[in-house]
Protein chains: 2
Amino acid sequence: MSVSIKDVAREAGVSVATVSRVLGNGPVSEALRKRVEDAVRRTGYRPNLSARRLRSQHSQTIGLIVSDIRNPFFTAVSRAVEDAAYHAGMRVILCNTDENPEREAMYLRLMQEERVTGLIFAPTRETLGKLERFGLDFPVVLIDRGEPAGLHDAVILDNRQAAAMLVDHLVERGYRRIGGLFGNTSTTGAERQEGYRAAMAARGLEPAARFVAPRAEAAEAELLAWMAAGERPDAVVVSNSLLLMGVVKAVRRLGLSIPGDLGLAGFDNEPWTELVGPGLTVIEQPVQEIGDAAMALLFERLDNPERPVRKVVLTGTCVVRGSTRGLRQPSPA
Amino acid sequence: MSVSIKDVAREAGVSVATVSRVLGNGPVSEALRKRVEDAVRRTGYRPNLSARRLRSQHSQTIGLIVSDIRNPFFTAVSRAVEDAAYHAGMRVILCNTDENPEREAMYLRLMQEERVTGLIFAPTRETLGKLERFGLDFPVVLIDRGEPAGLHDAVILDNRQAAAMLVDHLVERGYRRIGGLFGNTSTTGAERQEGYRAAMAARGLEPAARFVAPRAEAAEAELLAWMAAGERPDAVVVSNSLLLMGVVKAVRRLGLSIPGDLGLAGFDNEPWTELVGPGLTVIEQPVQEIGDAAMALLFERLDNPERPVRKVVLTGTCVVRGSTRGLRQPSPA
DNA sequence: CTGAAAGCGCTTACAG
DNA sequence: CTGAAAGCGCTTACAG
């Protein structure tokens with residue numbers, strides 16, 4: 001079919017070993033190197049990566065398994081990972097699980113069949129709990145969700161502190177009945193709920209946390225139900241941007257004004273959060289650093305498989321916008 | 001290192017050929033099949049895909065090269081492609097070019113080295129013009145940008161008609177000085193500009209088209225400059241969602257109201273377009289169908305390399321929202 | 001149905 | 001610096 005290293009060798013009048021050395025920067029005389037390079041050009045030769053990987057036993061491949069690349073947090077992280085990978089001459093296999101444990105299992109098997117060099121993985125709680133059973137024989141770095149185990153290197157945000165920041169900010173702006181809406185599949189949602197709860201307790205306020213599936217429609221429905229019930233919150237903390245979008249939709253349908261009728265603060269500084277209503281107050285994660293740190297941990301682990309497990313905890317930034325400006329002043333009676 | 005087919009054969013007391021047949025659904029007696037399956041379980045064997053691909057000469061791999069997976073149009077298309085691919089037992093290699101011809105060239109070479117079964121590609125105009133020089137020996141289906149050549153199968157939107165729809169809609173809503181802002185690297189931008197221009201001419205209106213790099217910041221800067229100049233448009237047609245975002249930012253900075261001071265209509269029905277201001281009027285592309293059609297063209301081409309080149313042209317839908325509701329009525333003098 | 005053997009396209013000690 | 005040869009882990013005619 002396509003031209004192989006043998007064809008190039010014949011064309012250049014050298015052995016295949018010499019061709020291989022030219023391609024791999026081995027020691028070759030200038031004269032032969034020139035002849036081989038010409039032959040490569042004439043034949044349009046392209047090395048067969050499957051053969052190279054098989055023979056060299058190096059896949060030069062990093063696996064990256066996330067819940068959904070459409071989540072801008074993962075989009076940004078994946079770009080950082082890819083950049084670092086290509087810098088190191090490696091490729092990246094990207095997989096979306098939609099938080100589905102069956103898909104996670106399928107992709108973990110794929111990673112083994114591809115003989116990946118290492119894996120960067122944002123698992124569901126369920127899969128995280130039984131990760132050891134997969135018998136992975138390559139290093140794994142967890143991102144976004146590292147709790148509670150200490151079996152793998154991990155890069156995570158201080159989710160409790162970040163959620164608490166949002167609560168503290170809302171309290172300072174005069175909100176008191178602050179509800180919390182969290183995703184129910186990841187450890188991230190659980191940790192943010194803990195930070196929310198702790199901050200509320202520290203202020204002597206009554207927490208009101210709800211959990212939903214990580215989809216905008218679920219958040220929208222939940223908020224509609226919530227506002228229809230008796231105990232309306234005057235502000236809501238939301239644990240990710242998908243849910244945040246659903247909340248904004250619900251607020252629109254109800255004809256409520258932000259921040260006058262409802263304060264709103266959430267996670268992830270996506271481009272659109274600046275453009276919606278008065279702008280949404282959000283926690284910005286250091287996505288570039290998260291991707292960089294994950295790759296750094298992976299390479300260090302490859303260098304030294306025996307080094308103790310390490311967890312890198314990064315801190316988010318609170319980007320304050322109009323959505324938390326304060327409640328509408330009640331008109332004098 | 002890891003367990004190979006030989007280890008499984010030894011463990012099961014059969015030949016490697018039999019193990020291979022069990023894995024590949026070849027003809028094997030029930031008794032041996034059972035022994036092999038047990039041995040696979042005990043050893044935790046996972047086939048080596050590099051070896052399988054090399055020997056079988058089937059990579060079972062589809063290449064997908066797009067400008068930026070963060071562009072929700074490509075995100076949606078890629079999900080459709082991946083679903084179809086996994087249905088056919090194939091994997092997908094996804095590459096982002098950022099509309100950079102050098103990256104496109106690099107990835108085209110990679111596709112050859114991976115010996116992909118076929119490629120789905122959204123090229124820049126520059127690369128499209130010299131695609132033949134790469135000597136690709138696998139079928140290519142172009143998406144999003146197929147003009148002008150007829151050398152490859154392609155799935156495209158009727159961009160001229162879609163842009164004309166937006167112009168017609170704006171005219172019906174009373175806008176007259178309708179500007180157009182287009183991306184300058186893809187054929188898509190060029191075609192939408194043609195549709196815009198034709199529709200304006202048909203209405204006897206003066207077109208005012210501007211081209212910018214496909215980034216939000218470029219669109220923002222361009223619109224700021226535009227509104228500062230003498231001839232202000234009363235509405236703008238924008239050729240993609242990245243630019244649309246930049247335009248919204250500029251409008252906010254200028255303190256203009258949509259649709260009262262400026263009508264706004266663009267491309268791609270992303271979730272956030274519903275949430276910004278009064279909602280943005282956009283063209284929705286049939287993304288699922290585009291992905292499906294591309295995969296169908298690819299498989300048909302693999303079945304029959306000799307069939308004539310085919311181009312599938314799909315039509316967009318105009319989703320009308322508040323951003324084109326009409327100009328503010330001038331207050332009576 | 002089953003096994004022995006060849007070979008996919010490379011890389012890499014091993015000699016020279 | 002260079003080449004002949006072995007072998008990575010599979011699949012697939014070829015016999016039986």
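Proteins get letters first, then strands, A, B, ... in listed order; numbering begins at 1 in each. Predicted model, so just to flag it, every value in this text is computed and none were measured.
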Which nucleotide in the set [options] lies at the smallest distance from any side-chain heavy atom of [X]?
{"X": "B:V28", "options": "C:dC10, C:dT2, D:dA4", "value": "C:dT2"}
{"X": "A:N48", "options": "D:dC10, C:dG9, D:dG3", "value": "C:dG9"}
{"X": "B:R55", "options": "D:dC8, D:dG3, C:dC8", "value": "C:dC8"}
{"X": "B:Q57", "options": "C:dC8, C:dC10, D:dG9", "value": "C:dC8"}

With heavy atoms under 4.0 Å as the rule, sort B:S20 into base, sugar-phosphate or nothing.
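Base, at least one base atom sits under 4.0 Å.
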Students often get this wrong, so: under 4.0 angstrom with heavy atoms, is A:L49 touching a base, only sugar-phosphate, or nothing?
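Contact class for A:L49: none.
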Tell me: [atom1] of [X] to [atom2] of [N], nearest whole Å?
{"X": "B:L54", "N": "C:dG9", "atom1": "CG", "atom2": "C1'", "answer": "5 Å"}
{"X": "B:I5", "N": "D:dT12", "atom1": "CD1", "atom2": "P", "answer": "11 Å"}
{"X": "B:R10", "N": "D:dG9", "atom1": "CZ", "atom2": "C1'", "answer": "14 Å"}
{"X": "B:L23", "N": "C:dT2", "atom1": "CG", "atom2": "C1'", "answer": "16 Å"}
{"X": "B:Q112", "N": "C:dG9", "atom1": "CD", "atom2": "P", "answer": "16 Å"}
{"X": "A:Q60", "N": "D:dC8", "atom1": "CD", "atom2": "P", "answer": "20 Å"}
{"X": "A:L32", "N": "D:dG3", "atom1": "CG", "atom2": "P", "answer": "6 Å"}
{"X": "B:R115", "N": "C:dC10", "atom1": "CZ", "atom2": "P", "answer": "6 Å"}

Quick check on C:dT2: is either OP1 or OP2 less than 4.0 Å from any side-chain nitrogen or oxygen of B:S29?
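Checking C:dT2 against B:S29, a side-chain N or O does come within under 4.0 Å of OP1 or OP2.
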Hey, is the side chain of B:S4 poking within less than 4.0 Å of OP1 or OP2 on D:dG9, counting only N and O atoms?
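No, because none of the side-chain N or O atoms of B:S4 sits under 4.0 Å from OP1 or OP2 of D:dG9.
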Under 3.5 Å, is there a donor-acceptor pair linking the side chains of B:H87 and B:E82?
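No pair is found: no donor N or O on one side chain lies under 3.5 Å from an acceptor on the other.
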Test item: side-chain donor near acceptor, A:T43 and A:E11, under 3.5 Å:
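No pair is found: no donor N or O on one side chain lies under 3.5 Å from an acceptor on the other.
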Please produce a list of atom pairs where a protein N or O lies less than 3.5 Å from an N or O of nucleotides 13-16 of chain C.
| from | atom 1 | to | atom 2 | distance (Å) |
| --- | --- | --- | --- | --- |
| C:dA13 | N6 | A:R21 | NH2 | 3.1 |

Heavy-atom closest pair, residues [X] and [Y]:
{"X": "A:R33", "Y": "A:G26", "answer": "NH2-O, 3.3 Å"}
{"X": "B:L302", "Y": "B:P139", "answer": "CD2-CG, 3.5 Å"}
{"X": "A:F74", "Y": "A:I69", "answer": "O-CD1, 3.8 Å"}
{"X": "A:P214", "Y": "A:L242", "answer": "O-CD2, 3.1 Å"}
{"X": "B:Y45", "Y": "B:I5", "answer": "CE1-N, 3.5 Å"}

Position toward the 5' end of DNA chain D (nearest nucleotide), A:V16 or A:P27:
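Residue closer to the 5' terminus by nearest nucleotide: A:P27.
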Thinking salt bridges, do A:E99 and A:R215 make one under a 4.0 Å N-O criterion?
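Salt bridge flag = no for A:R215 with A:E99.
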Salt-bridge contact B:D83-B:R79 (side-chain N to carboxylate O under 4.0 Å)
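Salt bridge: no.
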Heavy-atom nearest nucleotide on DNA chain C for A:P47 versus B:A31: which residue maps closer to 5'?
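Nearest-nucleotide comparison on DNA chain C picks B:A31.
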5'-most contact on DNA chain C: B:S56 or A:H58, nearest heavy atom basis?
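The residue mapped nearer the 5' terminus is B:S56.
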Check against side chain to side chain contact (heavy atoms under 4.5 Å, CB included), B:E289 and B:V155:
CA-CA 9 Å; B:E289 286 166 49; B:V155 184; over 6 Å; no
Helical stems, DNA chain C - three or more consecutive Watson-Crick or G-U wobble pairs below 3.5 Å
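DNA chain C stems, ordered by first number: C:1-3 with D:14-16, C:5-12 with D:5-12, C:14-16 with D:1-3.
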